[in-house]
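Everything on this sheet refers to the single structure shown next.
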Amino acid sequence: MSTPDDLTRAVEAVLFAAEEPLTIHEIKAHLGDADVRPVLDALSEHYAERGIALVRRGERWHFETAGDLAHLLRRDREEPRKLSRAGTETLAIIAYHEPVTRAEIESIRGVQISKGTLDVLMEAGWIRPAGRREVPGRPLTYATTQGFLDHFGLASRRDLPGIDDLRAAGLLDPVDLAMEQAEVENRDEEA
Amino acid sequence: MSTPDDLTRAVEAVLFAAEEPLTIHEIKAHLGDADVRPVLDALSEHYAERGIALVRRGERWHFETAGDLAHLLRRDREEPRKLSRAGTETLAIIAYHEPVTRAEIESIRGVQISKGTLDVLMEAGWIRPAGRREVPGRPLTYATTQGFLDHFGLASRRDLPGIDDLRAAGLLDPVDLAMEQAEVENRDEEA
Amino acid sequence: MTDARGEDERLTIDIDGWEGPLDLLLALARNQKVDLREISILDLVEQYLDYVGHAQSLKLELAADYLVMAAWLAYLKSALLLPRDPEVEPSPEELAMRLQLRLERLNAMRDAGARLMARDRLGRDVFTRGAPEGLRTIRQTVWQAEIYDLIAAYGRVSARTRPVLHVVAQRPVMTLETAIARVEAMVGERIDWSTIESFLPADASPGFRKSALASSFLAALELARQGKVQLKQKSPFAPLYLRGPA
């Protein structure tokens, strides 16, 4: 198809602007009573190799993007977001105590956790359900995943610092610790 | 253009599927980082004689039906609400003089504009507030939008009908509000 | 003249249609059927004043700005007709030119608006695709946390909920018993009055010294009660002296 004729151009435009697939009858209604069928065939052929295709579904015709290019129409975009304080604490408790139930997590945190918190950790691929505990109510337990180890650069959970390490690093209750520290210094003076 | 290459087909498909005019940047986001601009030019040329046209509006590109086929497509479509004379003139003044303050618009029209006039243009998505002018009172200025270019089929403001002639005739020179003001004061004295 | 009168009648009927005096002037100017740059300002002024006068004779209410414009045009007319006063700036010719420029400007924008509206407009004359597939951007949240955040969080939780052990720190204290024994032993060796401070350990830290002072004072009172020590003080807060029994 070189330069398209007026009828071809008209059919093209009508199909393009249509909000739904059109029958030949409906196309004709826009154009006066022209012989549309051969035009549709020629257009199909013209578009066959392009990024747009003219396709026939039953008695109706419409344009759509070429099937092999459908993957271009969606695109993934990554949006980095920082894990909330509740999320971080919950993840830490699971990592240190796994497998652990939700009730246990709450008891350790001393605060309830929302369902969303576990969902986020699950979505991040850091925790997984790890079977049920055989106690009344058979609550679900949670454990960390390989993805968790990968993300935090740990070879295994044993690489996590223990309580004593945390204390030595000053990570246990920093506020009270500071006071204790001051007292120790006092005592040292007297000794 | 004979058989379109993969990139051409991809650009065609993305623009065809899009619900809004796309910038080159947005097209690229769907394609990986390709050199899209020459493809757009080639596609525009290919479609120039067809019933569909690939057009540039500001920094954005989209497909639309060819203008000469309007009579075939207007059928059973509601005519958009007609803009009032005040609205039309105000829009023209903003488009040809932007950015322009309300006082300047009023000075050109020789009459106050009702609040509704700017609202209607804003609601249509054709004008937007465009910052304040750094003169006493810091009046707000107005300018046209991407939607204005889209709607009126302009590649850029340079395409505004007759804008070069008007500029050459000095009819787009900044409105001398001080002069007008002096005149008003003069007028008051005489009155 | 009859023509002009007829024109007036039409204008009177259209009174609500004018968008201000400038609009009316432009309509009158266009009636001169010449290029705006060649209109006769004097004729224009005549027609305007005529129109306003006629409207007033019909007792039509004209908005104030029409009357203000009429007054200004009357002034312009007289200035244009009367002998030139070189003192007056700007000159009447310049004012006339400026009026003509304003009319041209408004006319240009009116034409531009009409040409804009006559373009192939999207949604009226040209159309975008009726049923686009749409482009989708799938947003994926990538959660971020650092190992430090994790460990610190665990520390925080542990500290918050771990049973707290209260250890009372050892304080440097001299008990009353120690003080009584010290003061009793030391006072026997003193011949003359000695201040109570001289009974305190020489190298005591400030904290311990305070405790020793308090305990030694109580010890002195106790020993005095037992008759093993004499106390002397000249006035309240004066130095307190101790001596063995007489």
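Remark: C/Glu197 CD is packed, more than 12 non-hydrogen atoms of other residues, nucleotides or ligands lying under 6.0 Å away. Other residues, nucleotides and ligands contribute only 12 or fewer heavy atoms inside 6.0 Å of the CD atom of B/Glu45. Heavy atoms from other residues, nucleotides or ligands lying under 6.0 Å from CD of B/Gln112 number 12 at most. When the shell of 6.0 Å around CZ of C/Arg37 is examined, it contains 12 or fewer heavy atoms from other residues, nucleotides or ligands. Crowding of B/Asp6 atom CG: a count of heavy atoms from other residues, nucleotides or ligands under 6.0 Å not exceeding 12.
A distance of 4.5 Å separates CD in C/Glu19 from CZ in B/Arg109, rounded to the nearest 0.5 Å. To the nearest 0.5 angstrom, B/Glu106 atom CD is 12.5 Å from C/Leu22 atom CG. Here the straight-line distance linking atom CZ of B/Phe152 with atom CG of C/Leu122 works out to 10.5 Å at 0.5 Å rounding. To the nearest 0.5 Å, atom CD1 of residue B/Ile52 and atom CZ of residue C/Phe127 are 14.0 Å apart. Atom CG of C/Leu106 sits about 7.0 Å away from atom CD1 of B/Ile93, to the nearest 0.5 Å. Distance check: C/Leu116 CG to B/Leu160 CG gives 6.5 Å after rounding to the nearest 0.5 Å.
The interface of residues 132-150 of chain B with chain C, defined by heavy-atom distances below 4.5 Å, comprises B/Phe148, B/Asp150. Listed by sequence position, B/His62, B/Phe63, B/Glu64, B/Thr65 are the residues of residues 54-65 of chain B in contact with chain C, using a 4.5 angstrom heavy-atom cutoff.
B/Asp164 is linked by a salt bridge (Lys or Arg N to Asp or Glu O under 4.0 Å) to nothing, counting only residues two or more places apart in sequence or in another chain. Judged as a salt bridge (Lys or Arg N to Asp or Glu O under 4.0 Å), and not counting sequence neighbours, C/Arg119 has no contacts.
For a residue to count as touching a neighbouring chain, one of its non-hydrogen atoms must lie under 4.5 Å from one of that chain's; by this rule C/Ala114 touches chain B with the backbone only. In this structure, chain C has a heavy atom under 4.5 Å from the backbone of B/Ala66, while its side chain stays farther away.
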> Does the pair B/Leu83 and C/Met117 meet the rule for a side-chain contact (heavy atoms from CB on, under 4.5 Å), with working shown?
Replying inline: CA-CA 9 Å; B/Leu83 202 57; C/Met117 293 302 148; 3.5 Å; yes
> Are C/Asp23 and B/Arg85 close enough, and set up right, to give a side-chain contact (heavy atoms from CB on, under 4.5 Å), and what steps lead you there?
Replying inline: CA-CA 11 Å; C/Asp23 184 30; B/Arg85 209 171 97 191; 2.3 Å; yes
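In terms of non-hydrogen atom pairs under 4.5 Å with chain C, the most contact-rich of B/Ala17, B/Gly162, B/Ala86, B/Ala92 is B/Ala17. Counting heavy-atom pairs under 4.5 Å between each of B/Ala53, B/Pro21, B/Ala95, B/Pro161 and chain C puts B/Pro161 at the top. Among the candidates B/Leu172, B/Asp165, B/Leu91, B/Leu154, the residue making the largest number of heavy-atom pairs closer than 4.5 Å to chain C is B/Leu154.
Across B/Ala18 and C/Pro132, no two heavy atoms sit closer than the pair O-CB, 3.6 Å. When all heavy atoms of C/Val126 and B/Gly67 are compared, the closest pair comes out as CG1-CA, 3.5 Å.
Screening C/Met109, C/Arg105, C/Glu104 for a side chain to side chain contact (heavy atoms under 4.5 Å, CB included) with B/Leu166, the sole residue that qualifies is C/Met109.
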